[in-house]
Every structure is written in C-alpha cells, then in structure tokens.
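Right, one structure below, let's go through it.
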Protein chains: 2
Amino acid sequence: MAMLAIGRLSKDSGVKIPTIRYYESIGLLPPPVRSEGNRRLYPPEAVRRLRFIRHARELGFEIDAIRRLADLAQDPEKPCCEADLLARRRLVEIEEKISRLAAQREELVRMIGDCAHGRIEECRVIDTLDDHAKCLHAKH
Amino acid sequence: MAMLAIGRLSKDSGVKIPTIRYYESIGLLPPPVRSEGNRRLYPPEAVRRLRFIRHARELGFEIDAIRRLADLAQDPEKPCCEADLLARRRLVEIEEKISRLAAQREELVRMIGDCAHGRIEECRVIDTLDDHAKCLHAKH
DNA sequence: CTTGCTTCTCCAGTGACTGGAGATTGTAGC
DNA sequence: GCTACAATCTCCAGTCACTGGAGAAGCAAG
C-alpha cells in the first residue's frame with residue numbers, strides 16, 4: 001500500500017498541513033512513520049480519519065468530543081449511546097447559541113430600524129448601547 | 001465627586017476586575033488616576049463607559065468596533081452613519097452565524113433521529129461523520 | 001549541479017479574557 | 001499601635017483551535 005506525504009494527505013482530506021501537525025501534537029492523529037529523510041508517511045486510512053475529524057469540526061464538536069467519537073468509530077462492537085450523547089449535547093449547545101444570536105439580532109434590528117441617521121446625539125444605536133434599560137429584552 | 005475603587009466599579013458596572021484592567025491595558029478604558037498607594041481611582045463616569053462596553057460585548061461587537069462606538073458616543077455632534085454601519089455589519093455576521101448553526105442543527109437532528117441506539121457498527125452518528133456524502137447538505 | 005518545491009522544527013500570534021502567585025496597601029476592631 | 005483580614009497591585013501563564021513565519025534540510029527534474 002502506497003504511503004502518503006503530508007501534502008498529499010492534506011489535499012485528499014481537506015485539512016491544512018499545519019493543522020495536521022497540530023492534530024498530531026495533541027494526540028488526535030497518531031504519529032505516522034517517517035521516511036529516511038524524516039518526512040511523515042501516512043497510510044491511506046489517515047485520509048478517512050482526517051475527513052472524519054474535519055466533518056466533526058464542521059459540526060462544531062470540540063476536540064475532546066472528537067477524540068472520543070473517533071475512538072468509538074474504531075470499535076464497531078461498542079454500544080453507540082456515548083456517540084448519541086455527545087451528539088445530543090452538541091445539539092443543545094447549538095440551540096442555545098442560536099437563541100442567544102436571535103436575541104442579539106432582534107435588538108440590533110430594532111436599534112438600526114429606529115435610527116434616524118442624524119447626529120450621534122439622537123442616534124438610537126449609540127443611545128441603546130448607552131442605556132441597557134432601553135432594550136426590550138435583557139436576555140442577552 | 002467621589003472616586004471609585006476598582007472593586008466598586010466592577011460591582012456597579014458588572015465587569016470583572018481583571019477584565020477592567022485588561023480593557024485599560026488595550027486602551028479601551030482610559031488609565032485612571034492613582035491613589036497614594038498606587039490604587040486605581042475612577043470617576044463616576046467610568047461606570048457608564050464600562051456599561052456601554054459590556055452592553056456592546058453582549059451584542060457580540062468586537063473590541064475594535066466597540067472602541068469606535070465608544071469614541072462616537074463621546075461626540076454628540078458627529079453623524080451617526082458610522083455607528084449605523086457598524087451595527088449593520090454586526091447584524092450580517094449574526095445572520096451568517098445563525099444560518100451556519102441552523103445547518104449544523106439540521107444535520108445533527110437527522111443523525112440523532114436515525115440512530116437505532118445499537119452498536120457503533122450501525123450507528124448513524126458515527127456513520128454520518130465517517131462519510132460526508134451521507135449529509136443532505138454540504139453547506140456546513 | 002542547480003533550481004525550485006516540499007517538508008522539517010520551533011516559536012509566536014490570534015481574541016478576549018481568566019486566574020494564580022506573591023507582594024503591598026487599606027481598614028476595622030481591640 | 002497592633003493585628004487580622006480584605007482589597008488591590010504587577011506579572012505571567014493558560015484557554016481554544018489553529019495559523020503562519022523563519023530558517024534549515026531533503027527531494028525530484030532538467
């Protein structure tokens with residue numbers, strides 16, 4: 001089986017070279033064998049592992065969670081409740097983030113809409129920032 | 001007028017003491033006068049300025065933007081188009097973030113819903129992470 | 001043999017804080 | 001005045017997940 005240089009692995013997986021090295025340094029990606037000239041040489045499976053990691057990152061999982069997910073993926077016999085739990089946890093996080101952002105959006109829209117585009121003195125944007133009591137929602 | 005110690009300012013503004021010192025170090029908050037014993041002594045207006053900053057942070061503005069907003073707030077005669085622009089820019093950012101999160105949410109919900117809670121081998125969560133082609137949307 | 005590409009290691013920077021160590025200052029009670 | 005104890009001081013390191021630069025070495029083609 002043909003081994004891959006880091007540049008090739010990077011292209012095939014969509015993960016940048018420094019990031020691959022970073023993942024190795026934190027133990028997320030196992031250290032590969034080296035060539036005589038000290039270059040990293042990866043087995044073809046590394047592409048799959050890195051794609052897995054990338055995909056999980058794109059869904060916003062933290063490195064620690066990915067470590068666990070990736071370990072689980074190696075072990076087909078285990079029950080999948082932990083994977084499920086991690087996914088649900090991430091989902092809760094996402095929903096919290098969305099509602100926080102939605103509250104921010106609402107207030108910004110109101111600030112911008114109210115603004116008469118005159119001088120700072122009567123600017124709703126500055127005015128609202130200046131006095132939190134002028135927000136409809138104190139939730140953010 | 002009574003000057004405030006940093007602990008008092010912190011309580012009145014809702015900004016933690018180390019954060020206040022940090023804001024000073026990056027030039028967001030002007031360095032206050034010092035007591036004989038080298039303690040920071042703030043004028044009462046500092047409370048308002050810090051609340052302004054906190055409110056803007058809660059709306060997700062970056063420090064650089066807040067610097068500009070806070071400077072504008074000092075100058076009632078200026079036109080408010082810059083404040084308006086900064087707010088609109090932040091709004092666009094928020095909307096982008098929300099749509100990215102919504103896409104993540106959608107995929108996670110699908111992964112979790114499809115999962116039969118059996119072994120990893122047939123786990124939809126792991127399976128989907130493993131093969132991005134199994135996502136409906138490649139958008140995240 | 002030279003040119004240019006890839007890779008190597010090490011280190012510093014990002015943003016916005018947060019917290020700890022160890023020293024000093026201020027204050028309240030006795 | 002003395003003793004606790006609280007508040008504050010400075011400096012530095014850590015957070016998270018990378019990202020990029022410097023300078024050196026290896027490698028492939030012409």
Side-chain angles (χ1 to χ4, degrees), chain A residues 2-29 31-42 46 49-50 52-70 89-90 93 97 100 104 140, chain B residues 2-29 31-42 46 49-50 52-70 86 89-90 93-94 97 100 104 140:
Chain A
M3 299 296 257
L4 313 176
I6 197 168
R8 190 65 213 269
L9 176 61
S10 171
K11 261 173 209 144
D12 290 1
S13 65
V15 178
K16 287 181 194 165
I17 292 175
T19 305
I20 294 174
R21 290 197 276 246
Y22 169 71
Y23 286 161
E24 183 186 329
S25 81
I26 60 168
L28 182 57
L29 197 66
V33 298
R34 299 288 185 125
S35 75
E36 279 186 33
N38 199 35
R39 307 257 169 125
R40 290 170 177 83
L41 288 178
Y42 295 91
R49 173 124 181 156
L50 265 183
F52 182 99
I53 293 169
R54 185 171 66 113
H55 193 183
R57 282 298 298 142
E58 283 165 355
L59 287 174
F61 284 100
E62 289 176 7
I63 296 290
D64 264 7
I66 296 176
R67 216 187 296 269
R68 294 210 254 148
L69 288 169
R89 221 177 265 165
R90 174 63 190 145
E93 242 181 61
K97 273 198 178 151
R100 240 174 293 134
Q104 291 180 13
H140 49 254
Chain B
M3 301 295 259
L4 313 176
I6 197 169
R8 191 65 214 270
L9 176 61
S10 170
K11 260 172 209 143
D12 289 0
S13 65
V15 178
K16 288 182 192 162
I17 291 175
T19 305
I20 294 174
R21 289 198 276 246
Y22 169 70
Y23 286 161
E24 182 184 328
S25 81
I26 60 168
L28 182 56
L29 198 65
V33 298
R34 300 288 183 123
S35 73
E36 279 187 32
N38 199 35
R39 308 259 169 120
R40 291 170 177 82
L41 289 178
Y42 295 91
R49 172 123 182 160
L50 265 183
F52 182 99
I53 293 170
R54 185 170 66 113
H55 193 184
R57 283 296 299 141
E58 283 165 355
L59 287 175
F61 285 99
E62 290 176 6
I63 297 290
D64 266 8
I66 297 176
R67 218 187 294 269
R68 294 209 255 148
L69 288 169
L86 288 167
R89 220 177 265 165
R90 173 63 191 146
E93 241 181 63
I94 288 174
K97 273 200 177 147
R100 240 174 292 134
Q104 291 179 14
H140 50 252

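Below, each value reflects all heavy atoms present in this structure, side chains not excepted, and no hydrogens, waters or symmetry copies. In what follows, every chain begins at residue 1, and chains take the letters A, B, ... in the order their sequences are listed.
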| request: Could you please name the option among dT10(D), dC17(C), dT7(C) that lies closest to any side-chain atom of Thr19(B)? | output: dC17(C)
| Are any non-hydrogen side-chain atoms of Ser35(A) and Met3(A) less than 4.5 angstrom apart? | no
| remark: Per atom distances to the Ile17(A) side chain, the nearest of dA17(D), dT7(C), dG19(C) is dT7(C)
| message | Quick one: does any side-chain atom of Arg49(B) pair with a main-chain N or O of Leu28(B) as donor and acceptor, under 3.5 Å? | response | yes
| Closest listed nucleotide, where the reference is the side chain of Lys16(A) and the choices are dT7(C), dC18(D), dT19(D) | dT19(D)
| said: Applying a 4.0 Å non-hydrogen cut-off, can you work out what Arg40(A) is touching in the nucleic acid: base, sugar-phosphate, or nothing? | reply: sugar-phosphate
| field | OP1 or OP2 of dA17(D) under 4.0 Å from side-chain N/O of Arg21(A) | value | no
| request: Rounded off to whole Å, could you give me the CZ-to-P distance for the Arg8(A) and dT7(C) pair? | output: 11 Å
| remark: Against the side chain of Ser35(A), the closest entry in dC8(C), dG19(C), dC27(D) is dC27(D)
| request: Would you indicate which nucleotide in dC18(D), dG26(C), dC17(C) comes nearest to any side-chain atom of Arg39(B)? | output: dG26(C)
| Among dG20(D), dT9(C), dA17(D), the one nearest Asn38(A) by side-chain distance | dT9(C)
| message | So Val15(B) and Arg57(B), do their side chains get closer than 4.5 Å, heavy atoms only? | response | no
| task | Name the nucleic acid region contacted by Ile26(B), choosing base, sugar-phosphate or nothing; use a 4.0 angstrom heavy-atom cut-off, strictly under. | result | nothing
| query | Any donor-acceptor pair under 3.5 Å linking the side chain of Arg39(B) with the backbone of Ala5(B)? | reply | no
| said: From the set dT19(D), dC8(C), dC18(D), return the single nucleotide nearest to any side-chain atom of Arg57(A). | reply: dC18(D)
| remark: Looking only at dT7(C), dC9(D), dC17(C), the nucleotide nearest the Tyr23(B) side chain is dC17(C)
